[in-house]
Amino acid sequence: MTTPLGARTSLVLTSLLVTSAILLAACGGNDDPRSDPSPSTSTSTDPSESTSPSVKPATGKLVDTSRFTVRVPEKWVVIVAAKDFSITASGLETGDSISFGLIDLTTPTGLDVLAKRTQRLGPWVKPPARAPDSTLAGADAYHLVGPVGKGERVDAFGTVRSGKHVEVIFDVYGPQSRLDKLKASVIATWQWK
């Protein structure tokens with residue numbers, strides 16, 4: 001015979017089990033492309049080589065540093081914390097952003113060290129994955145990709161240019177296709193000095 005306290009305990013435990021099963025089922029099999037941790041399947045290793053002929057070069061404000069110039073999309077806001085250190089461009093309507101960094105290197109450092117440093121020091125919930133090395137407008141570069149938490153995905157490149165670690169981090173809240181289009185349109189305008 002079940003006592004009223006035992007009945008209440010059984011009801012609570014049954015409710016917890018059912019709720020847990022529903023939550024576990026909801027976590028599996030998500031078809032949302034934003035949750036896919038795999039990198040883009042593009043065959044191009046150079047982001048300046050557009051994978052789509054419909055991508056047009058960015059025509060917004062010019063970001064001008066001592067090592068490169070590049071344009072951001074129309075209507076984006078550019079914030080220059082320091083011309084040759086940290087510049088951020090933001091799409092106010094989408095919440096997307098691009099960060100440009102230039103860090104002095106006191107000793108020669110390889111791409112592996114720079115990639116690990118960027119993974120470790122980035123502002124993401126979980127660090128992006130290391131993809132095969134690529135190029136940034138023709139210069140050998142490390143490449144970091146992937147979802148980094150709560151619908152946010154990044155595509156980052158870094159290289160060494162005249163004693164500086166030059167990095168660009170594309171940060172998008174949305175599908176991989178939007179990230180790819182943003183990256184291709186901006187990198188198409190990149191000019192080294």
Side-chain angles (χ1 to χ4, degrees), residues 37-51 55 57-58 60-73 76 78-91 96-149 152-173 176 178-193:
S38 61
S40 170
T41 57
S42 170
T43 57
S44 172
T45 58
D46 188 339
S48 62
E49 296 173 12
S50 171
T51 58
V55 174
K61 292 183 180 177
L62 182 71
V63 172
D64 186 10
T65 73
S66 65
R67 300 299 192 270
F68 65 89
T69 62
V70 66
R71 290 205 176 268
V72 299
W76 277 42
V78 175
I79 300 169
V80 180
K83 180 180 176 181
D84 276 344
F85 180 65
S86 177
I87 301 168
T88 304
S90 300
D96 301 338
S97 67
I98 307 168
S99 302
F100 304 96
L102 292 94
I103 302 141
D104 288 326
L105 297 173
T106 54
T107 59
T109 305
L111 295 180
D112 287 339
V113 172
L114 296 177
K116 287 176 185 169
R117 186 180 303 160
T118 300
Q119 283 175 308
R120 189 177 69 247
L121 299 177
W124 22 75
V125 174
K126 77 174 196 179
R130 177 86 186 263
D133 286 350
S134 183
T135 59
L136 175 58
D140 290 340
Y142 64 78
H143 188 193
L144 305 175
V145 296
V148 291
E152 179 183 9
R153 61 177 64 245
V154 301
D155 206 333
F157 298 88
T159 189
V160 176
R161 193 75 173 184
S162 302
K164 283 196 183 268
H165 171 198
V166 176
E167 69 179 3
V168 57
I169 301 172
F170 298 91
D171 196 333
V172 168
Y173 289 89
Q176 183 68 40
R178 190 163 89 207
L179 175 58
D180 291 341
K181 185 175 179 180
L182 171 64
K183 176 179 64 175
S185 70
V186 170
I187 297 295
T189 68
W190 194 287
Q191 296 291 320
W192 292 111
K193 291 184 176 180

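Worth knowing before you read on, the calculation uses all heavy atoms, side chains too, and leaves out hydrogens, waters and symmetry mates.
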- Indicate whether any N or O donor in one side chain lies under 3.5 Å from an N or O acceptor in the other, for D104 and H165. no
- To the nearest 0.5 Å, what is the distance between CD (Q119) and CG (L114)? 11.5 Å
- Query: Would Y142 and T118 count as having a side-chain donor-acceptor pair, cut-off 3.5 Å?
  - Reply: yes
- Hey, could you give me the CG/OG distance between D96 and S90, rounded to the nearest 0.5 Å? 9.0 Å
- For the side chain of T189 and the backbone of R71, is there at least one donor-acceptor N/O pair under 3.5 Å apart? yes
- Message: For a 4.5 angstrom cut-off between non-hydrogen side-chain atoms, does I98 reach V186?
- Response: yes
- Item | R153 versus Q176, side-chain donor and acceptor atoms under 3.5 Å | yes
- Evaluate the side-chain proximity of V145 to R130: yes if any heavy-atom separation is below 4.5 Å, no if none is. no
- Message: Can you confirm whether V63 sits close enough to F100 that some side-chain heavy atom of one is under 4.5 Å from a side-chain heavy atom of the other?
- Response: yes
- Message: Please verify the inter-ring angle class for F68 with W192; under 30° counts as parallel, over 60° as perpendicular, anything in between as tilted.
- Response: perpendicular
- Quick one: are I87 and V78 in side-chain contact, heavy atoms under 4.5 Å? yes
- Item | Atom pair CZ (F170) and CG (L182), whose distance is rounded to the nearest 0.5 Å | 6.0 Å
- Item | Whether T135 side chain and A137 backbone form a donor-acceptor pair below 3.5 Å | no
- Task: Taking K193 for its side chain and T69 for its backbone only, find out whether a donor-acceptor pair lies under 3.5 Å.
- Result: no
- Quick check: does any side chain N or O of T109 sit under 3.5 Å from a backbone N or O of T107, one acting as donor and the other as acceptor? yes
- Query: How long is the gap from NZ on K183 to CD1 on I169, to the nearest 0.5 Å?
  - Reply: 13.5 Å
- Query: Do the side chain of E152 and the main chain of W124 share a donor and acceptor less than 3.5 angstrom apart?
  - Reply: no
- Residues S66 and D84: side-chain donor-acceptor under 3.5 angstrom: yes
- Side chains of R178 and D180: does their closest heavy-atom pair fall under 4.5 Å? no
- Report the C-alpha distance between V148 and V125 in whole Å, list the side-chain angles of each, state the deciding distance to 0.1 Å, and finish with yes or no for side chain to side chain contact (heavy atoms under 4.5 Å, CB included). CA-CA 6 Å; V148 291; V125 174; 5.9 Å; no
- Query: Got a second to check how far T159's OG1 is from K164's NZ, nearest 0.5 Å?
  - Reply: 14.0 Å
- Task: State, with a plain yes or no, whether a side-chain heavy atom of L179 is found less than 4.5 Å away from one of Y173.
- Result: no
